[in-house]
Every structure is written in structure tokens, then in C-alpha cells.
Amino acid sequence: MRELIHQAFQLKELLLLTGLGLIALLAEIFNFRKLLFPIILLGLAGVIATCVLDWKSPDGDRFFFSNMLNVNHYALGFTIVIALVSIFWFLMSEKYFTDETNLTDHFALVLFALVGAFLMVSYSNLVMLFLGIETLSIPLYVLVGSKKNDLASNESAFKYFLMGAFASGFLLFGITLIYGVSGSFDLVQIAAYVSKNPGAIPPLFYAGGLLMLVGMSFKVSAAPFHFWAPDVYQGAPTVITAFMATVVKTAAFGAFFRLFWVAFNQAGAEWSHIMWVMAAATLLIGNITAVFQRSVKRMLAYSSIAHAGFMFIAILAMSKTSGSAILYYACAYSLSSLTAFLVLYLLMQNRAGDDSIDSFNGLVKKNPLLAGSMTIALLSLSGIPPLAGFFAKYFIFVSAINQGFYWLVGIAILGSLIGVYYYFKIIIAMFFRSDSDNGPVTIPSDQKALLFVLSLLILILGLLPGVIINLL
Amino acid sequence: MNKTVVDFVWLIPLFPLLGYLITGLLNRKLSKNLAGLVACSALAASFIVALLIFLEENHTRASHTVVLFDWISSGNFHANFSFLVDPLSSIFLMIITGVGFLIHVYSTGYMKDDDGFRRFFSYLNLFIFFMLLLVLGDNYLIMFVGWEGVGLCSYLLIGFWFKNQAYNDAARKAFIMNRIGDLGFLLGIILIFSTFGSITFSEVFKQASGFGSNNTIIVGITLLLFVGAMGKSAQIPLYTWLPDAMAGPTPVSALIHAATMVTAGIYMIARSNVLYSLAPISMEVVAVIGLITALFAASIGIFQNDIKKVLAYSTVSQLGYMFLGLGVGAYTGAVFHVATHAFFKALLFLGSGSVIHAMSGEQDIRRMGGLKKYLPITHATFLIGTIAISGLPPLAGFFSKDEILAHAFGHNKFFWILGIVGSLMTCFYMFRLYYLTFHGKFRGTHDQEHHLHESPNSMTIPLIILAGLAIVGGFMGIPDVFMKDSHWLSHFLSPVVGPSYSGLSESQELTLMMISVALLIIVILATRNIFVTRGAIPAEEDVEISPIKKVVYNKYYVDEIYAATITKPLNWLSHQFNHIVESKLIDGIVNGIGTTVNKASNALRYVQTGHIGFYLFAMVLSIVLMLFVKFF
């Protein structure tokens with residue numbers, strides 16, 4: 001017991017996140033709601049700081065709680081990105097929570113979801129993976145439905161929950177089968193089992209792997225398990241959608257990659273053709289369906305599916321550099337996507353909730369900052385140099401080409417071309433369409449600063465990709 | 001390791017960059033005065049740092065590499081973002097920040113009433129930033145970034161008054177001509193990388209010493225780099241953009257198209273002197289092109305009537321001299337001439353700006369005359385500039401030009417003779433310009449005469465400082481003939497470009513000097529006789545002139561020849577491509593793809609029914625399929 005407590009204090013990131021969640025709950029009881037927001041920001045900054053302090057080169061395994069967690073550089077890197085994006089997300093969505101819902105409860109839910117995210121990127125045991133996913137997902141089901149009087153919000157919460165439960169079932173089934181064959185939940189042990197029994201692995205193991213693949217693909221919204229995403233993304237309150245598309249997706253890919261990198265590294269070839277088809281399908285379905293959308297929110301949902309396809313390639317084309325490629329992609333994509341959602345959110349506030357492309361008409365004349373940030377975000381999402389999104393795709397393509405996935409890269413490039421088409425629809429609307437009778441667009445000054453910082457970060461990340469890519 | 005001032009070299013480009021961001025982003029929110037102040041103080045701050053570094057370098061003459069960060073690392077290609085501080089770059093830093101500062105100050109007066117005042121200063125600051133990158137980079141790639149950046153700023157500033165279509169065309173012409181040169185430069189860099197596996201100067205030069213003289217690859221590299229220099233430094237055949245570039249505001253002509261950017265080519269070749277010394281063939285090419293350009297442009301200058309056009313052709317011609325110097329191995333002489341030329345040509349351009357300012361925008365010297373009494377300071381400083389550029393001792397131009405010519409004589413006596421001819425032409429057109437502008441009777445309209453006034457202090461003070469520099473600037477390189485071991489510049493630059501030795505005996509050198517000075521004085525007297533005593537005025541456009549004069553007056557019809565041989569066929573070709581390949585073939589394919597994607601999108605949309613039952617069914621079906629594929 002003493003040892004456990006000692007370890008808990010060693011693992012300050014987890015301690016801080018959990019503590020923040022508890023503080024958020026206490027804020028309601030002890031009535032210090034106003035203080036809560038600054039505390040959360042400080043706490044998240046503290047998480048980043050502890051990650052930096054724990055960063056000891058060279059990279060090494062740092063096991064906690066009897067090998068349940070392994071907080072190595074990979075975990076720290078993902079935690080930093082998650083915490084950073086969360087800070088921006090909190091800055092973006094404070095207003096939504098103060099105005100429209102109960103602040104403290106929902107902040108606590110988000111913070112517990114972050115605890116789950118941390119577990120997902122640092123687990124070393126399938127139990128922890130499942131625990132992390134559930135800790136992340138359950139608060140999300142509630143958050144998606146947090147607009148209690150909005151039918152769409154309720155519907156999507158229900159859809160998400162029902163399908164999420166289904167996917168969790170498959171994941172658990174998969175874990176059980178793997179355990180049944182290999183006799184362990186531990187990632188390292190599973191990998192050891194695979195390499196010790198070449199050619200003598202029973203098919204049940206592969207069935208288990210496939211079922212886990214299904215479960216993880218659901219979480220990252222890869223085709224054909226993506227059906228929930230457009231509906232849920234559109235129905236959820238915009239800020240929650242932003243959270244799901246950025247933080248949650250980053251954590252899910254962190255977990256996904258870790259599973260296949262550590263546990264299934266040797267066994268991966270067995271289902272690589274299936275993953276190939278899934279990656280291609282995700283890229284094509286995401287990008288092609290996005291083209292016809294008139295609602296920008298729904299378009300961004302499909303774009304989020306498409307980007308999952310890109311990161312999926314890195315998991316398929318596994319190599320030493322894939323980890324940092326995924327981390328960079330997640331970071332670039334999250335920042336760009338968050339900026340796009342922020343612009344959309346601010347614009348919807350001025351347009352009585354209208355999120356159609358037409359509401360972007362002539363935005364550049366009304367609010368150049370909003371239009372400028374949106375342009376940077378969209379250019380980055382479509383992968384135009386020198387913005388972050390370009391190098392994100394570049395690194396993924398390089399690792400895929402090195403592994404010989406030429407056709408898949410071809411499909412991915414086709415996908416990004418289609419992506420350019422629908423992202424530019426918004427840019428064209430902002431710059432070249434004359435504006436209809438819509439009124440002026442005003443945004444609070446703190447959000448202006450946030451937009452500016454985010455756009456700058458997208459640019460800096462693109463100019464200095466080495467900052468992240470050389471981390472792992 | 002102790003940090004010295006050299007480690008803070010990154011401050012030098014940082015200040016103008018900040019200046020650019022502040023004036024560019026805040027734009028209308030800044031008052032004009034504040035914008036001017038920000039831009040000027042950015043330059044002043046850079047100048048102070050540059051001065052400290054220069055003093056340090058003067059002391060140590062050492063070469064420092066200041067690594068800022070790891071820039072690009074891809075496969076076996078690697079480039080640091082790092083700066084190289086050595087005597088050569090430090091002297092360029094001084095010229096850019098020093099002359100740049102003076103021109104910034106001048107512009108606060110010159111552009112005072114312009115609507116684009118803030119935009120102008122943001123561009124100027126940005127230009128200085130890129131120019132500093134160009135000379136500070138420790139590898140060809142950073143140099144290339146700076147090279148492209150100054151090209152962009154030059155484009156923006158030539159077309160600064162973008163409401164005038166002719167100015168836009170001039171800007172575009174400059175951009176396109178430079179593009180041709182840039183392509184050569186880029187190919188040169190690529191060839192350097194593929195040969196040496198590196199683009200860092202020190203590494204490339206170290207490895208290059210292993211190659212023999214006139215090795216094909218080195219010759220190829222040096223010639224490609226020279227193509228780049230031809231574009232940026234306006235040499236035949238890519239010079240035609242520079243005279244047109246005079247469409248920009250006059251301070252721009254002074255800063256970019258006389259003192260700094262156009263000397264980038266000289267800097268690049270001086271920097272690569274190790275490579276050029278290994279390729280005598282390329283050096284011969286450089287010398288010959290430089291010499292032809294010097295003569296050709298000087299001859300055009302003789303018949304021009306636009307005050308800025310004369311100076312523009314003069315710049316092209318002087319740049320030719322610098323290339324002649326590089327080609328005959330007088331690296332020090334070329335850099336020396338860059339420095340003195342920056343002083344007196346900036347002075348002349350700014351002086352012409354002051355004249356144009358006084359004449360309410362008139363640039364034709366046939367409408368001027370007798371300005372001496374109205375613009376006393378401008379007149380005095382302009383005269384100093386004129387003497388300096390003509391090469392009369394003891395003003396700056398004499399020393400630098402003499403050094404180049406002495407080397408040319410040592411290399412090939414014929415080069416020297418042509419060089420002298422060019423220098424006599426220079427003397428002629430400059431004094432012609434001077435006499436027509438400042439002497440005789442005023443030939444403008446009554447209105448103009450009424451408005452004549454000396455420029456404000458913000459414009460005259462930079463003129464006076466530059467005039468001072470044009471007088472004393474030459475003393476940084478006094479030849480041995482006059483005083484033993486007093487060639488400070490040669491001593492200073494020797495770690496980078498090696499010792500400078502013309503191979504002439506002292507008596508030879510002295511004789512050459514005396515011949516050239518004597519000839520110059522004769523030309524000046526003759527010019528005075530024609531334009532002051534006899535009061536000749538160049539003919540108006542509609543007067544018949546002799547055919548030869550007409551050819552020269554029309555700049556040898558080079559623009560027309562280019563239009564007929566290159567532009568027209570290209571236009572025809574692109575017209576064909578547009579009508580056949582583009583609109584029939586490519587549009588068909590592109591639109592076809594677009595329609596297909598749209599149709600697919602429309603169809604796929606309906607799969608997303610919104611029914612949870614269907615979603616779950618699709619999920620289960622997929623899993624069954626996956627298991628089926630895996631196990632059967």
C-alpha cells in the first residue's frame with residue numbers, strides 16, 4: 001500500500017489531472033467557481049511542466065503500478081500535446097460552459113476524460129487500455145448530451161453511447177481472446193509470446209487482434225466503423241465536437257499505435273491487408289463525402305475521418321519513425337482543427353447557430369482576423385506548405401513509402417487533393433463571395449488573442465517540424 | 001566559451017524583421033511619424049550591432065559560425081540555420097545597415113505625403129531583413145532564401161505605385177528576369193550539393209580544393225552561379241530590368257537598385273572565390289561579360305534624358321566593372337568598388353530624388369537646368385558624387401576603379417584599354433547629366449520654377465553624410481604606390497579572398513593612373529565646352545537624329561529584340577497550349593474528376609442514414625467480412 005501511494009506521488013501527471021477533476025467537483029460544494037478556471041489552466045500547464053521535467057534522455061521505460069503504466073518519452077510527448085491542446089480548448093470553451101451549462105460538473109467531466117486520455121497513451125497493460133478508454137468515453141457520452149434541451153444533442157449522445165458500448169464489447173472480447181491464447185494482459189508479454197511461437201500461434205489470437213482492431217478503429221473513427229462520427233459530431237455542442245476531434249482523437253491514436261507497436265509488432269503482417277483496405281476506405285469515404293456537405297460542422301466531421309485515415313497509414317506502415325510521425329500529425333491536426341472549430345464556433349454565435357458555408361460569405365471584409373485564422377487552419381488541414389499540416393502528411397508518406405506502400409500513398413494523395421477542394425470552398429466563400437445580408441461579426445478580445453496564438457503555432461510548427469519530429 | 005558580440009549577430013536581421021512586422025501589421029494604426037521612427041530605429045539598432053561586430057572583426061579578422069538552429073534535415077541533406085561572420089560579411093553588414101539607415105531617414109522626408117508611407121517602410125525593413133540574411137548565411141540555401149526575399153521586396157517596391165500599369169509591368173519584368181537568373185543559381189546549388197554532399201560554404205570550399213583546375217563540374221557550378229549573379233546584378237543579357245526598375249520611388253532605386261541588392265551577385269562570387277579560382281574559364285567569362293556590360297551600358301547612358309535612367313545605366317555599367325574585377329581576380333577591388341559605389345551611387349540617386357522632389361516629379365533633364373542656385377546642398381553633394389563616380393583622385397571612385405583597372409591591365413592589356421574607354425564614357429554622361437541639371441538656364445515650366453525649393457533636412461543630411469563618405473571612402477584602400485602597407489581593406493579581407501596582387505610594378509601603376517586621370521580631365525573639359533559654353537540641349541523626341549545615335553538612344557533595341565525573339569514565340573506557344581492542351585484535354589480530365597467526385601459524394605451521403613440499427617448492422621457485417629477474409 002505504501003509503495004502504491006509512493007508511486008502515485010511519483011507519477012505527478014496523473015496525480016495532477018485527477019486532482020484537478022476532484023477540485024472541479026469541490027468547487028461546486030465550496031463555492032469557488034470563479035477560481036476554478038484559472039486553477040485548471042495552471043494545473044494543465046503544471047502537467048506540461050512535469051512532463052518536461054520527467055523528460056530524461058535517453059528514452060527509457062518507466063513502469064508504474066506493477067507494469068500497468070509505462071511513462072516513457074512516447075507517453076510524455078503525447079501527454080504534452082494533449083495538455084497543450086486542452087489548454088487552448090478550455091480557453092475556447094469557457095464561455096459555453098459558463099453561459100449554457102453547469103460549469104463545475106462539466107469541467108470535472110472533461111478533466112476525468114483527460115485522465116482517461118493519459119492512461120490511454122501510457123498504458124502497458126490491456127486492462128489499463130480498457131480502463132483508459134472507458135474513463136475517457138463515459139464522460140464524453142454525458143458531454144455530448146450536455147445541451148439538455150436540444151434534441152440533436154440528446155440523440156447524438158444516445159447514438160454515441162449505444163455504439164460505443166458495442167465497440168467496447170468487441171474490444172473486450174478481443175482482449176479476452178488474446179489473454180486466452182497468450183496468458184497475459186501485458187503488452188511486452190504478448191509481444192514475447194508472439195516472437196517465441198513463430199508459426200504456432202492459434203487462429204484465436206488473430207481473431208482477438210482483429211476484434212481489438214475493430215474496437216480501436218471505432219474510437220479513431222476509421223471506416224467502416226466511422227458511422228457514428230458525422231452524426232455525433234454534428235449533434236454535439238460545437239465545443240464538445242472540437243474536443244472530440246482533437247484531444248480524444250490524439251489520445252485514441254496514441255493508444256492505437258502503442259498497442260500495435262509494442263504488442264502486435266511481429267503479428268501485424270497477418271492483418272495488414274485488412275488494415276490496408278480500411279485505411280484506403282477511410283481516406284476515400286471521409287474526403288469524398290465531405291465534398292457534398294453544406295454544413296461546415298459536418299464537413300469538419302468528415303474531414304476528421306479523413307485525417308484518421310492518414311494516421312491509420314502510419315500504424316499500418318509501422319517503423320521506428322512512425323511514432324513521432326503520428327505525434328506530429330496529431331499535434332498539427334489538433335491545432336489546425338481546433339482553430340477551424342473555434343472560428344466556426346465564434347461565427348455561429350454571430351449567426352444564430354447557422355453553420356452553413358454561406359455564413360462564411362465575405363467574412364474577410366467583416367472580420368479579417370477570423371477569416372485569416374480560418375484560412376491558415378484550412379490550408380494546414382489541406383496540407384499546404386509551409387504550414388504544419390504539410391509536414392504532417394509528408395512524414396507519414398515518407399514512412400509509408402519506405403515500407404513500400406506506394407498505392408496507399410497514391411490513394412492518400414488523391415484524398416488530400418479532394419480535401420483541397422472542399423477546404424477551399426470555405427476559403428473561396430470567405431474571400432470571393434459577396435456577403436449576404438448578414439450582420440457584423442464581433443468576437444471578444446480574448447478569443448482574438450487565442451486565434452492569433454493558434455495560427456502562429458500552426459505556422460511555427462510548420463517552419464520548425466524538428467521540434468516534435470526529433471523528440472521520440 | 002565566452003560569448004562575444006559576434007554571438008549576438010542574429011540581432012542584426014531581427015531588428016528590421018520586427019520593424020517590418022510592426023509597421024506591416026499595425027499599418028494604419030500607426031501614425032506616419034511613428035511608423036518612420038520604428039523603421040529607422042530598427043535600422044539604427046542593426047547598424048550599432050553591425051558596427052560593434054565590425055570593430056571586433058577588424059581586430060581579430062576571424063571567421064565565426066553562429067548556429068541558431070537545426071533547420072532542415074531530410075535524408076542525407078542537412079542545413080543549419082546559421083550565420084557566418086567574417087571580414088567579408090561584416091563589411092557588407094556595414095554597407096547594408098549604414099547606407100540603409102541613411103536612405104531610411106531620407107525616405108521619411110521623400111515619402112512624407114505618400115498614402116502608402118507605412119507600407120513603404122514595412123517593405124524597406126523587410127528588404128533589409130532579407131538582404132542581411134543573404135550576406136549572413138553560412139550556406140548557399142540561406143543565401144538563396146535571402147536572394148529570393150530581396151527579389152520579392154524589389155518586385156513589391158518597383159510596383160509600389162501599383163495604380164500605374166507601366167510600373168506594374170516594370171515590376172513584373174524585374175521579377176521575371178530575376179527568375180531566369182535564380183533558376184541558374186538554384187541549379188548551381190543543386191549541383192554543389194550533388195557534388196560535395198553539402199551546401200555549407202566552409203565544407204564546400206574545403207572539399208573543392210581537392211579538384212583540379214578547370215574541372216568540368218566546378219566550371220559548371222561557377223557558370224550556373226554566375227547566371228544567378230547576371231540576373232540579380234543586371235549583367236548582359238539579363239540587365240534590361242534594372243533601367244525599368246526606376247519606376248519605383250527614388251529611395252528604392254538608391255537602396256535596392258544601386259547600393260545593396262544588385263551587388264548581391266558580386267557578394268556571391270566573392271564568397272565563392274575558392275570555386276572561381278579553380279575555374280579560370282569561368283573567371284574569363286565573368287570578366288568578359290562584365291567588361292561588355294560596362295561598355296554597353298555606359299554607351300546607352302550617354303543619350304538618355306531621364307535623370308534616373310542615366311543613373312540606372314550607370315549602375316549597370318559600374319556593376320560590370322565589379323564583375324570585371326572579380327573576373328581578373330581582384331576580389332578585394334570588386335568588394336572595394338561595391339563599398340564606394342554604394343556611397344556615391346546612393347548619393348547620386350538620393351540627389352536626383354531631391355531634384356525630382358523640387359521639380360514636382362519631373363525627371364527629364366531637358367526640362368531642368370540652372371538648379372544650382374535653387375538647390376545649393378543638392379548641387380554640392382551631387383557634384384561630389386559625379387566626381388567620385390568619374391574616378392578623379394582623391395575621391396572614393398578613383399581608388400576602387402583604379403584597383404580594378406590595374407588588375408585588368410595585369411591580366412590582359414586589351415581589357416584595360418576598354419576599361420578606360422568605359423570610364424571615359426562614364427565621366428562624359430555623368431558630367432553631361434550634372435551640367436544639364438544644375439547649369440545653364442532653367443528650361444521647365446513657369447509653375448515648376450515657382451515651386452523650386454531645397455529639400456528638408458531629413459533629406460539633405462543623408463546627402464551630406466554620403467557626400468562625406470564619397471570623399472573619404474577611398475582611403476580604406478590606398479594603393480602601395482602612394483603609401484606602403486596602407487591598403488587596409490586588402491589586409492582586412494585577405495583571410496577570405498586571399499592577398500590581392502595585380503602583378504604591376506609601381507612605375508607601371510603610376511603611369512596608368514596618370515594616363516587615366518589626364519584623359520578624364522580632357523573629357524570633363526570637353527563636356528563643359530559642349531553643355532555649358534555652347535549650351536547644347538539634347539534633341540526632343542520628334543527631331544530627326546542620325547541613325548547610329550538613334551540606335552543607341554533606343555538602347556540598341558534590346559527590349560524589342562527580346563520581345564520579338566522570346567516573348568512573341570512564347571506567347572504563341574502558350575496560346576496554343578491554352579486552346580488545345582488546356583481547355584480541351586486538361587479541363588476535360590479535371591472536370592471529369594470533379595464530376596465523378598461530386599457524384600460519388602452525393603451517393604455516399606445516403607449511406608449515412610442516421611438509423612442506428614443500420615450503423616450497427618454495417619459494423620457487424622464488416623467484422624464478419626474481416627474474419628471471413630482472414631480465415632477463409
Side-chain angles (χ1 to χ4, degrees), chain A residues 155-156 158-160 162-163 166-167 170 173 203 206-207 209-211 213-214 217-218 223-231 234-235 270-271 273-275 277-278 281 284-293 298 301-302 391 394-395 398 414 417-418 421-422 452 463-467 469-470, chain B residues 17 21 24-29 67-81 142 145 148 589-632:
Chain A
E155 183 195 328
S156 55
F158 183 66
K159 261 185 195 166
Y160 190 26
L162 208 65
M163 300 192 67
F166 225 77
F170 286 118
F173 193 12
Y206 296 119
L210 274 181
L211 288 172
L213 176 66
V214 169
S217 300
F218 176 84
F225 309 102
H226 68 283
F227 285 107
W228 62 277
D231 293 8
Q234 193 177 28
E270 287 291 329
W271 48 64
H273 49 294
I274 292 177
M275 288 179 75
V277 174
M278 287 172 72
L284 290 177
I285 290 178
N287 278 313
I288 292 179
T289 321
V291 167
F292 226 85
Q293 305 304 324
R298 201 169 173 86
Y302 280 107
F391 285 101
Y394 171 78
F395 291 126
V398 167
L414 191 69
L417 288 180
I418 301 173
Y421 176 61
Y422 59 83
F452 184 73
L463 290 176
L464 310 169
V467 174
I469 213 73
N470 296 335
Chain B
L17 181 63
L21 290 175
L25 287 176
L26 296 182
N27 208 326
R28 299 260 160 210
K29 294 198 178 116
V67 182
L68 295 185
F69 51 85
D70 204 0
W71 186 27
I72 298 176
S73 191
S74 169
N76 58 353
F77 179 81
H78 184 85
N80 274 336
F81 202 92
I142 298 183
V145 171
E148 293 294 307
I589 296 175
V590 170
N591 292 338
I593 293 176
T595 324
T596 316
V597 167
N598 258 331
K599 274 189 185 149
S601 182
N602 196 18
L604 273 178
R605 202 159 58 112
Y606 293 113
V607 179
Q608 196 76 31
T609 53
H611 293 298
I612 207 160
F614 170 73
Y615 292 173
L616 291 177
F617 173 71
M619 231 168 121
V620 174
L621 192 70
S622 313
I623 294 169
V624 171
L625 258 175
M626 279 162 72
L627 291 172
F628 185 82
V629 167
K630 178 75 196 93
F631 294 110
F632 298 101

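Order of the sequence lines sets the chain letters (A, B, ...), proteins ahead of strands, with each chain counted from 1.
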Side chain, backbone, both or neither: which part of A/L211 has a non-hydrogen atom closer than 4.5 Å to chain B?
-> side chain
Identify which part of A/L213 has an atom lying under 4.5 Å from any heavy atom of chain B, answering side chain, backbone, both or neither.
-> side chain
Within residues 589-598 of chain B, residues adjacent to chain A where the heavy-atom gap is under 4.5 Å = B/V597, B/N598
OG1 of A/T289 to CG of B/N602: how many Å apart, nearest 0.5 Å?
-> 10.5 Å
Pairs involving residues 596-613 of chain B, ordered by first then second residue, that meet salt bridge (charged side-chain N to carboxylate O under 4.0 Å, His left out) (sequence neighbours left out) = none
Tell me, for B/F81 versus chain A, whether the close heavy atoms (under 4.5 Å) come from the side chain, the backbone, both or neither.
-> neither
Taking atom CG of A/L463 and atom CH2 of B/W71, what is their separation to the nearest 0.5 Å?
-> 10.0 Å
Using non-hydrogen atoms only, which part of A/Y394 is less than 4.5 Å away from chain B: side chain, backbone, both, or neither?
-> side chain
Sort out for me which of A/F227, A/W271, A/Y302, A/F166 touches chain B most, counting heavy-atom pairs under 4.5 Å.
-> A/F227
Scan for salt bridge (charged side-chain N to carboxylate O under 4.0 Å, His left out) pairs involving residues 611-632 of chain B, sequence neighbours excluded, and state none if there are none.
-> A/E270-B/K630
Side chain, backbone, both or neither: which part of A/A167 has a heavy atom under 4.5 Å from chain B?
-> both
Mind ranking B/L621, B/D70, B/I612 by heavy-atom pairs under 4.5 Å with chain A and telling me who comes out on top?
-> B/I612
By side chain to side chain donor-acceptor pair (under 3.5 Å), which residues pair with B/Y615, not counting sequence neighbours?
-> A/D231, B/Q608
Are more than 12 heavy atoms from other residues, nucleotides or ligands located less than 6.0 Å from atom CZ of A/F452?
-> no
Can you measure from CG (B/L616) to CG (A/L162) and round to the nearest 0.5 angstrom?
-> 6.0 Å
